[in-house]
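One structure is given here, and the rest of the page talks about it.
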Amino acid sequence: MSAGILVTGVAGFFLAMGVVALWRPERVAGGFGTPSLTRDGRNEVRAVYGGFGVAVALLLVASAWLPALRAGVLAAVAVALGGMALGRLVSAWVDGPPGWIPWLFGALELVLAAALVLAMER
């Protein structure tokens with residue numbers, strides 16, 4: 001699989017997550033057992049899942065045209081994804097095992113991080 005396809009797939013994930021979070025923050029939070037959000041909660045989901053997700057997607061796409069930054073962009077996003085998965089493990093240790101959706105997202109975060117590391121090598 002080409003590096004471009006790997007990076008495009010990861011960018012697509014972040015773009016989809018970001019758009020859904022900006023448009024319907026309760027839908028994102030509801031998947032994690034919090035179907036009702038306060039105004040501040042909606043703001044947080046829109047910022048962290050929405051705006052950040054769209055920005056990362058755009059950065060990943062831009063890295064195709066910015067070869068001097070490409071490796072750094074891919075490494076930074078891969079490390080961020082790994083950090084998210086690590087945070088889920090810490091939470092499982094501190095709070096007890098979560099439901100299946102957080103585990104699914106943790107696995108997806110690791111797969112996407114690995115895809116970016118593979119793309120860096122190509």
Same apolar cluster: Phe52 and Leu37, side chain cutoff 4.5 Å: yes
Please give me the minimum heavy-atom distance between Ala21 and Gly50, naming the atom from each residue. CB-N, 3.5 Å
Can you tell me how far the CG atom of Leu69 sits from the OG atom of Ser63, to the nearest 0.5 Å? 8.5 Å
Same cluster for Leu112 and Val54 if Ile/Leu/Val/Met/Phe/Trp/Tyr side chains link at under 4.5 Å? no
Checking Val73 against Leu60 for the side-chain contact (heavy atoms from CB on, under 4.5 Å) test, could you report, in this order, the C-alpha distance in whole Å, the side-chain angles of both residues, the deciding distance, and whether it holds? CA-CA 7 Å; Val73 167; Leu60 287 168; 4.1 Å; yes
I need the minimum non-hydrogen distance between Ala11 and Ala57, along with the two atoms involved. O-CB, 3.4 Å
Within this structure, what is the CZ-OG distance for the pair Arg42 and Ser36, rounded to the nearest 0.5 Å? 8.0 Å
How far apart are the C-alpha atoms of Leu89 and Trp93, what are their side-chain angles, what is the distance that settles it, and do they pass the side-chain contact (heavy atoms from CB on, under 4.5 Å) test? CA-CA 6 Å; Leu89 290 175; Trp93 177 58; over 6 Å; no
Same cluster or not: Val61 versus Ile5, using hydrophobic residues (I, L, V, M, F, W, Y) connected whenever any side-chain heavy atoms lie under 4.5 Å apart? no
Interatomic distance, CD@Glu109 vs CZ@Arg88, rounded to 0.5 Å, equals 4.0 Å
Between Ser91 and Gly87 (side chain of the first, backbone of the second, donor and acceptor by atom type, cut-off under 3.5 Å), is there such a pair? no
Is there a side-chain contact (heavy atoms from CB on, under 4.5 Å) between Leu58 and Phe14 once you walk through the steps? CA-CA 9 Å; Leu58 294 174; Phe14 274 103; over 6 Å; no
Closest heavy-atom contact between Ala119 and Leu6? N-CD1, 3.9 Å
State yes or no: do Leu104 and Phe32 share one hydrophobic cluster built from I, L, V, M, F, W and Y residues joined by side-chain heavy-atom distances below 4.5 Å, directly or via other members? yes
What's the shortest heavy-atom distance between Val117 and Ala78, and which atoms? CG2-CB, 4.2 Å
Tell me whether the rings of Phe105 and Phe13 are parallel (<30°), tilted (30 to 60°) or perpendicular (>60°). tilted
Any link between Leu81 and Leu118 through a network of hydrophobic side chains (Ile, Leu, Val, Met, Phe, Trp, Tyr) touching at under 4.5 Å? no
Looking at Met17 and Tyr49, what are the two nearest heavy atoms and their distance? CE-O, 3.6 Å
Steps toward side-chain contact (heavy atoms from CB on, under 4.5 Å) verdict (Leu66, Arg70): CA-CA 6 Å; Leu66 303 169; Arg70 185 176 179 276; over 6 Å; no
Rounded to the nearest 0.5 Å, what separation is found between the CG atom of Leu116 and the CD atom of Glu121? 11.5 Å
Can you name the nearest heavy-atom pair linking Gly99 to Pro102, along with the distance? O-CD, 3.2 Å
Rounded to the nearest 0.5 Å, how far apart are CG of Leu110 and CG of Leu86? 9.5 Å
